[in-house]
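Note that this is a predicted model, so its numbers are computed, not measured.
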Amino acid sequence: MNPIISVLIITTTLSCVLITVSFWLPQMNPDSEKLSPYECGFDPLGSARLPFSMRFFLVAILFLLFDLEIALLLPLPWGDQLPNTTNAFFWAMSIIILLTLGLVYEWMQGGLEWAE
């Protein structure tokens with residue numbers, strides 16, 4: 001048999017088996033929290049004009065910022081294969097220094113404190 005046809009048959013069979021098992025194997029025990037449209041702690045039936053904690057959103061934005069740092073530094077290991085490695089090192093260090101200065105600023109302003 002042709003190797004390409006064999007690979008296609010094996011991958012199709014394996015995919016169908018895994019799809020079938022994923023539908024029949026899990027135990028579904030929904031409760032009121034899982035059936036709620038919001039799992040973040042907000043009451044979906046209450047008033048939409050209630051005050052919320054700005055610290056929650058500040059921490060979420062800081063998490064996204066530092067998570068984006070990982071995406072910016074991901075190509076760094078391939079930077080040593082460039083003809084000019086100091087250029088890649090310079091940009092990586094500038095990103096790290098800028099984010100470190102931002103973290104120190106937030107820390108000094110008290111933006112990371114939960115309780116006052």
Side-chain angles (χ1 to χ4, degrees):
M1 191 183 301
N2 191 357
I4 296 176
I5 295 174
S6 299
V7 168
L8 287 175
I9 290 173
I10 290 171
T11 56
T12 305
T13 305
L14 185 62
S15 298
C16 291
V17 167
L18 288 175
I19 289 171
T20 305
V21 167
S22 71
F23 278 117
W24 293 102
L25 190 61
Q27 297 177 355
M28 299 288 187
N29 296 328
D31 57 354
S32 63
E33 292 296 322
K34 283 292 184 184
L35 294 176
S36 172
Y38 300 105
E39 293 184 7
C40 61
F42 294 115
D43 184 19
L45 302 176
S47 174
R49 304 237 179 240
L50 292 175
F52 55 89
S53 174
M54 285 300 288
R55 299 205 186 266
F56 172 77
F57 290 104
L58 177 65
V59 170
I61 289 172
L62 285 175
F63 172 76
L64 289 175
L65 179 69
F66 285 101
D67 195 36
L68 182 64
E69 173 197 1
I70 295 170
L72 290 173
L73 296 177
L74 189 61
L76 187 60
W78 289 279
D80 64 349
Q81 298 174 2
L82 293 173
N84 188 3
T85 58
T86 57
N87 194 14
F89 179 72
F90 169 75
W91 287 112
M93 287 307 295
S94 64
I95 290 171
I96 291 174
I97 288 171
L98 182 65
L99 287 173
T100 303
L101 290 175
L103 180 64
V104 168
Y105 176 75
E106 284 294 326
W107 197 338
M108 298 301 276
Q109 293 296 320
L112 300 177
E113 299 291 331
W114 283 105
E116 303 209 12

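- Residues Leu14 and Ile9 are members of separate hydrophobic clusters, defined by side-chain heavy-atom contacts under 4.5 angstrom among Ile, Leu, Val, Met, Phe, Trp and Tyr.
- The line from OG1 of Thr13 to CG of Leu18 is 11.0 Å long, rounded to the nearest 0.5 Å.
- Between the CD1 atom of Ile95 and the CZ atom of Phe90 there is a distance of 10.5 Å, given to the nearest 0.5 Å.
- Of the candidates Ile4, Thr11, Ile5, Val7 forms a side chain to side chain contact (heavy atoms under 4.5 Å, CB included) with just one, namely Thr11.
- Judged as a side-chain hydrogen bond (donor to acceptor under 3.5 Å, both in side chains), the pairs with a partner in residues 83-101 (not counting sequence neighbours) are, in order, Asn84-Thr86, Asn87-Trp91.
- The two residues Ala88 and Gly79 come nearest to each other via the heavy atoms CB-CA, 4.2 Å.
- Through direct or relayed side-chain contacts under 4.5 Å between Ile, Leu, Val, Met, Phe, Trp and Tyr, Leu74 connects to no other residue.
- Nearest heavy-atom pair across Leu76 and Ala92 is CD1-CB, 3.6 Å.
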Atom pairs and distances, donor-acceptor, side-chain atoms in residues 102-111, under 3.5 Å, two or more places apart:
none

